[in-house]
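Have a look at the structure below, then the notes.
Below, read A as the first sequence line, B as the second, and so on, with proteins coming before strands; counting in each chain starts at 1. Source: prediction; values computed, not measured.
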Number of protein chains: 2
Amino acid sequence: MTLQDIIERLQRAKALEDLQTITEELREHYATTHIVYHWVNSIGERFGAGTYSTDWVDRYLEKDYLRMDPVIFGCFQRFHPVDWKQLDWSTKAARSFLKDAISFGVGNQGYTIPIRGPNGQFALFTVSHTTTDEAWEGFIQANAHDFMIIAHEFNKKALEFETGTEVVSVPALSPRELTAMSYLAKGFSRAQAADELKISEHTLRVYIEAARHKLGALNTTHAVARALSCGLIVV
Amino acid sequence: MTLQDIIERLQRAKALEDLQTITEELREHYATTHIVYHWVNSIGERFGAGTYSTDWVDRYLEKDYLRMDPVIFGCFQRFHPVDWKQLDWSTKAARSFLKDAISFGVGNQGYTIPIRGPNGQFALFTVSHTTTDEAWEGFIQANAHDFMIIAHEFNKKALEFETGTEVVSVPALSPRELTAMSYLAKGFSRAQAADELKISEHTLRVYIEAARHKLGALNTTHAVARALSCGLIVV
DNA sequence: AAAAACCTCCCCAAAATTGGGGAGTAGAAA
DNA sequence: TTTCTACTCCCCAATTTTGGGGAGGTTTTT
């Protein structure tokens, strides 16, 4: 099975369950202990497809490990893939977490790729194995690029399933409306923003209101949040 | 030159200027019109390394194209790489922008990969060429994976140079603070959010204030914007 | 050329947010 | 064990934001 085959297999996936199956196929193909795709958001909602035992998943949820898992923590701050050995295992909680994980069949080695999508979407693609440091290093060197591509395709599919449709239509804001949203997102009060733009506060208000309506937002904060999420503005 | 060579070349880069040189080497290697890495940031500041003429870059800045460039707009909302043809060129402004771009030597074809890093960092890696639709399609099919890996390495390097250090610390918010931010981002008023959480509004206020301080935000809207940008919450 | 959207300005009163205080419990970390 | 952080509750008054109105001129789009 070549990388191309894997990608095509992924692209044929029609539902979330297919992703689950694919992790199992990948595990066999690469002869690793686990392959996991893991969707994280900080409010604790999650979706995962992977080969971890359900016992471990339950345990993870029960213990609320999401809140302290060094893998998630570390990947969240980094851009590039991380070998688990590079992470911060200094706290006691982290070490006991690792011990617990291994006892539930998670490999002693791991390589996790952080993936970010629009709207702050964040996911992880993990390969875990039980082996020596040297063997692991060789394995990762040989396959890092493949995993990167696979992780990307995985997330693409997951995003498709998640949002239902691919492109969500975003209301177009006028330049002034965008600027207004931008200033608010930067922490300016209305008065300050109006000052900065050298227009009356009343005028600024009109823009904010217009933007709010277009975005279907309930209040200013909501409007700014939407504008950010939709990528209309950047902080 | 293999992909591995390119990656190694990238990893040897010691400064931003090296990235510039590498785009030129890549252009020759792939025999395309342009290769551009483009960092889109907060306040309209940008950093670019690429083979576009300085005339075009100046023009772009002068005309404030950043605000309406369909490539940037489209990529920001998507996860996967985009062929320029898939973008929305329906507005008059977009069409005249394209015409202008081509007159400044940008190719008629383009393929842009959105890349996201921690803290809402966003960048684009673009390959542009002047050729027919068929030739272009074949070219992209053959090289998409390579470009993806290269884009990733490019951004990794750029992040290194930009931040100096690798890990930027995001303030950790407590669970309650996160929830509070989340509710606000969803458009709840304080009163509504407090109701939903079944705590007094005063308590909720304490969370919001705490979050605001941790995030170094000037007001609630700013705090929510920051929390979103840092990926602490998702709408 | 007409229609639509955009930019600018103004008023008022109700509602919400903010800025300070302070205080007690529980649990984790040092 | 002590210290620290997180969670919960309360008061008050100043300030800001919001939700409606309306009006005139300039660009785009159709």
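- Between A:R190 and D:dT18 there is a side-chain N or O to OP1 or OP2 distance below 4.0 Å.
- Between D:dT17, C:dC7, C:dC9, one nucleotide has an atom nearer to the side chain of A:I199 than all others, and that is C:dC9.
- When each of A:W56, A:F97, A:Y60 is checked for a ring pair (Phe, Tyr, Trp, His ring centres under 6.0 Å) with A:F104, only A:W56 meets the rule.
- Between the side chain of A:R205 and the base of D:dG21 there is no donor-acceptor pair of N/O atoms closer than 3.5 Å.
- A straight line from CZ of A:R212 to C1' of D:dG20 spans 11 Å, rounded to a whole angstrom.
- Residue A:R176 contributes atom CZ, which lies 14 Å from atom P of D:dT27 at whole-angstrom precision.
- Backbone-only engagement by B:S174 is indicated by non-hydrogen atom pairs under 4.0 Å involving sugar-phosphate atoms exclusively.
- Side-chain N/O atoms of A:K214 include one lying less than 4.0 angstrom from OP1 or OP2 on C:dC6.
- Of the side-chain N and O atoms in B:S200, one or more sit less than 4.0 angstrom from OP1 or OP2 of D:dC9.
- Under a cutoff of 6.0 Å and an axis angle of 45°, A:K186 and A:Y183 form a cation-pi pair.
- Projected onto DNA chain C by closest heavy-atom contact, A:E201 and A:N219 fall at different nucleotides, the more 5' of which corresponds to A:E201.
- For the residue pair B:S90 / B:D88, a side-chain donor-acceptor distance below 3.5 Å is found, with atom types taken as modelled.
- Between B:K198 atom NZ and D:dC9 atom P the separation is 12 Å, expressed in whole Å.
- Ring pair A:F125/A:F154 is tilted by interplanar angle, where 30° to 60° counts as tilted.
- With distances taken from any side-chain atom of A:V206 to the nucleotides D:dT18, C:dT8, C:dC11, the minimum falls on C:dT8.
- Put simply, CD1 on A:I208 is 16 Å from P on D:dG20, counting in whole angstrom units.
- As rounded to whole Å, 3 Å separates atom P of C:dT8 from atom OH of A:Y207.
- Heavy atoms of other residues, nucleotides or ligands lying less than 6.0 angstrom from CD of B:Q86 number more than 12.
- C:dA16 atom P lies 14 Å from atom NE2 of B:H202, rounded to whole Å.
- When rounded to the nearest whole Å, the span between CG of B:L184 and C1' of C:dT18 equals 13 Å.
- Toward the 5′ end of DNA chain D lies the nearest nucleotide of B:L173, the other residue of the pair B:L173 and A:H213 mapping further downstream.
- Distance CD (B:E209) to C1' (C:dG21): 13 Å, rounded to an integer number of Å.
- For C:dC7, neither phosphate oxygen OP1 nor OP2 lies less than 4.0 angstrom from any side-chain nitrogen or oxygen of A:T203.
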